[in-house]
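Please read the structure below before turning to the comments.
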Amino acid sequence: MTIDQPATRPVNPRFSSGPCAKPPVFDVSKLAGAALGRSHRAAIGKDKLKAAIEGTREILGIPADYRIGIVPASDTGAVEMALWSLLGARKVEMLAWESFGAGWVTDVVKQLKLDAEVKTADYGRIVDLASVDFDNDVVFTWNGTTSGVRVPNGDWIAADRQGLTICDATSAAFAMDLPWDKLDVTTFSWQKVLGGEAAHGMIVLSPRAVERLESYTPAWPLPKIFRMTKGGKLIEGIFKGETINTPSMLAVEDYLLALDWARSVGGLKGLIARADANAQAIFDFCEAHDWIANLAEDAATRSNTSVCLKFTDARIQDGAAFAKAVAKRLEAEGVALDIGAYRDAPAGLRIWCGGTVETSDVAAVLPWLAWAFEVEIAAQAQAA
Ligand SMILES: Cc1ncc(COP(=O)(O)O)c(C=O)c1O
């Protein structure tokens, strides 16, 4: 039996959850103005780094009294810099419901050896947010990239908290509303929602986070790459573009291009609308087909960026092999690249829906998903 292929293919088959698709207007020639071969401490380099910081503030609506820094080692660098610099002053509560959140638990419990309260939930679920004690420092991931489960909003975070909130927002920033008054440390990377390059992370500090940095010295040594203070005072230069070490000016130029594109689609509002439309196309597809479902159980926690899917057809014999075969088939057809579930996550697919992805491409790939599903079911029957 032959199963007909859909007539239309996505124009851009890139649905990776990181590095994510470049903005639709991207072209390498547009990076020609990069300050290459120049010192990043020269005026031209500093101006571009400052523009990256202030462009981020403008688009994300970050308050004027929050510091924004460009730091080494992508989002991981930014998160670990925060954990190593700030924790230990009070009790810590760790919230995790997928692989990256679990990684931060390992950092805090096994590496920093802090006696943290750890709250976890399985893939597809979220921890009981109502039980969080904001007398503690609370570490969490806004959007769990590997499970497609996000916090629904910031209402659960106490406005009058004593502890700090430290939020890994790498697959949320530029796609979801982040309530800055509820977030003391927020981190993300350029390689995610804006489709920039990896290598650099961004760290956003509230005035309370700065106060902690200036009043508390951790019991452990801090490498230079993590140090945000000198002699008990914040190194303000970091937050004006005087990076701790040498950044890639090519990556900076690429980020500036991505910020310009973000402005052209209506800034944060436009970016959120694009991600919502992309994710909704997949949610509707799941509603219409009884063999596939969103991994996130509660609709309020469903990601609009890293949409994770599971196959639910009772005929499937080996779930992991089936999902891999579907992803491989779609890749071989050139219609969907990098959509296999994350290596630690349950078997399934993950389709990136951040704003750099065109809704027409999501709409075009879904009939292909239905096609690949039918082909694999038929192949399985034939093999039996
Ligand atoms: C939630 C989350 N945290 C951290 C990371 C690590 O990011 P990076 O590789 O940019 O350091 C990722 C990457 O996918 C992520 O999704």
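Just so it is clear, the values below take in all heavy atoms, side chains as well, and ignore hydrogens, waters and symmetry mates. Start at 1 with the first residue, then count along the sequence. Indexing begins at 1, ligand by ligand and atom by atom, following the structure's order. Note that the structure is predicted; figures quoted are calculated from it, not measured.
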Using a strict cut-off of 4.0 Å, indicate which atoms of ligand 1 neighbour a heavy atom of Ser189. 10 (O)
In terms of residue, atom name and distance, what is the protein heavy atom nearest to atom 10 (O) of ligand 1? Ser74 OG, 2.5 Å
Within the 4.0 Å heavy-atom shell around Thr141, which atoms of ligand 1 are there? 1 (C)
Would you call Glu253 and Lys30 a salt bridge, using N to O less than 4.0 angstrom? no
For the residue pair Asp27 and Ser29, confirm or rule out a side-chain donor-acceptor distance under 3.5 Å. yes
Got an N/O contact under 3.5 Å between Thr76 and ligand 1? yes
To the nearest 0.5 angstrom, please state how far the CD1 atom of Ile166 sits from the CH2 atom of Trp104. 11.5 Å
List in chain and number order the residues that pass side-chain contact (heavy atoms from CB on, under 4.5 Å) with Ala275, two or more places apart in sequence or in another chain; answer none if no residue qualifies. Ala175, Asn304
Nearest to atom 14 (O) of ligand 1, what protein heavy atom do you find, and at what distance? Lys192 NZ, 2.6 Å
May I ask you to check whether Thr170 has an N/O atom sitting below 3.5 Å from an N/O atom of ligand 1? no
Any idea which protein heavy atom is nearest atom 9 (O) of ligand 1, and the distance to it? Gln191 NE2, 3.6 Å
Just by distance, with hydrogens left out, do Ser306 and Thr145 show a side-chain donor and acceptor under 3.5 Å apart? no
Should the pair Lys22-Glu197 be classified as a salt bridge under the 4.0 Å nitrogen-to-oxygen rule? yes
Please verify whether a non-hydrogen atom of Trp190 lies at under 4.0 Å from ligand 1. no
For atom 3 (N) of ligand 1, what's the nearest protein heavy-atom neighbour? Residue, atom name and distance, please. Asp168 OD2, 2.6 Å
Atoms of ligand 1 close to Thr145 [distance to a heavy atom under 4.0 angstrom, numbered from 1]: 1 (C), 2 (C), 15 (C), 16 (O)
Phe100/Tyr342 aromatic ring centres below 6.0 Å: yes
Supply the atom-to-atom distance Glu211 CD to Asp184 CG, rounded to the nearest 0.5 angstrom. 10.0 Å
Do any N/O atoms on Glu98 end up under 3.5 angstrom from N/O atoms on ligand 1? no
Regarding ligand 1, does Asp75 bring an N or O atom to under 3.5 Å of one of the ligand's N or O atoms? yes
For the residue pair Phe140 and Trp156, is the inter-centroid distance of their aromatic rings smaller than 6.0 Å? yes
Applying a heavy-atom cut-off of 4.0 Å, say which part of Phe188 lies close to ligand 1: side chain, backbone, both or neither. neither
